[in-house]
Asker: 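Pasting a structure below so you can have a look.
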Amino acid sequence: MEKAKAPEGKLIIVSAPSGAGKTTIVKYLLTSGLNLGFSVSATSRQIRPGEVDGKDYFFITPEAFRIKIEEGDLLEWQEVYKGNFYGTLKSQVKFLLDQGKNIIFDVDVVGGLNIKKHFGDRALSVFVSPPSPEELENRLRSRNTDSEETINKRMEKARWELGFAHRFDYILVNNDLETAKKEVFKVVSEFLKL
Ligand code: 5GP
């Protein structure tokens, strides 16, 4: 009997420091006709108002997360924020590839590099960068949602994350959102056509 053909979808990985505009870029790509499916991660953090279980994340308990790690269900996982675990489900990747889709991942920088390592040339890793650390700080402040302590913590983490940018295939500087969207569309669509 002929062997089933392996699914041939490609992988787009998007990582960034918080506040760089990553989510907007990912949402834009998902609606751009690129046959992309979003890899819904598992997380142990609390669900936020407006989020939908199974769509934004699979919200599970820390104990259920620990079992997933032990059973080898995760392609990668990170404790992105203290006490909050996030991980890419192997079953999601298979599900999307079986549907003939390309996959887009919204993951932290370390997770992004791990996924790239796993898939090699089949994946394109994109780092969304703010124009400068100062601009990032301005953006975080203008959200007006975070305390001084939270902003300082996020900035400390962001500086650390910016140090990983050069290890990604492509650095997308998000200075002007419309320009960044056009640029990322070009890079991703060219990669998917390869
Ligand atoms: P948030 O809690 O704001 O939804 O996400 C926090 C961070 O976790 C974001 O940078 C997001 O990209 C990252 N993240 C989400 N899912 C995963 C995952 O499966 N693996 C890793 N390594 N990071 C993730």
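Values below: every heavy atom of this structure, side chains too, minus hydrogens, waters and symmetry copies. The chain is numbered in sequence order, starting from 1. First listed ligand is number 1; within each ligand, the first listed atom is number 1.
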Asker: Under 4.5 Å between side-chain heavy atoms, counting indirect links through other Ile/Leu/Val/Met/Phe/Trp/Tyr residues: same cluster for Leu89 and Phe59 or not?
Answerer: no
Asker: Let me know which protein residues bring a heavy atom to under 4.0 Å of ligand 1; chain then number is fine for ordering.
Answerer: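 Its neighbours under 4.0 Å (heavy atoms only) are Lys22, Ser41, Arg45, Arg48, Tyr57, Glu76, Gln78, Val80, Tyr81, Tyr86, Gly87, Thr88, Asp106, Val107, Asp108, Gly111, given by chain and number.
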Asker: Any side-chain heavy-atom pair from Phe168 and Lys116 closer than 4.5 angstrom?
Answerer: no
Asker: Please confirm whether Phe191 and Tyr170 have ring centers closer than 6.0 angstrom.
Answerer: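 Between Phe191 and Tyr170, the centre distance exceeds or equals 6.0 Å.
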Asker: Do the charged groups of Glu178 and Lys182 touch, with an N to O distance under 4.0 Å?
Answerer: no
Asker: Could you tell me which residues satisfy side chain to side chain donor-acceptor pair (under 3.5 Å) with Lys22, sequence neighbours excluded, listed by chain and number?
Answerer: Asp106
Asker: Parallel, tilted or perpendicular, judged at 30° and 60°: which one describes the rings of Phe85 and Trp77?
Answerer: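 Judged by the thresholds at 30° and 60°, the geometry between Phe85 and Trp77 is tilted.
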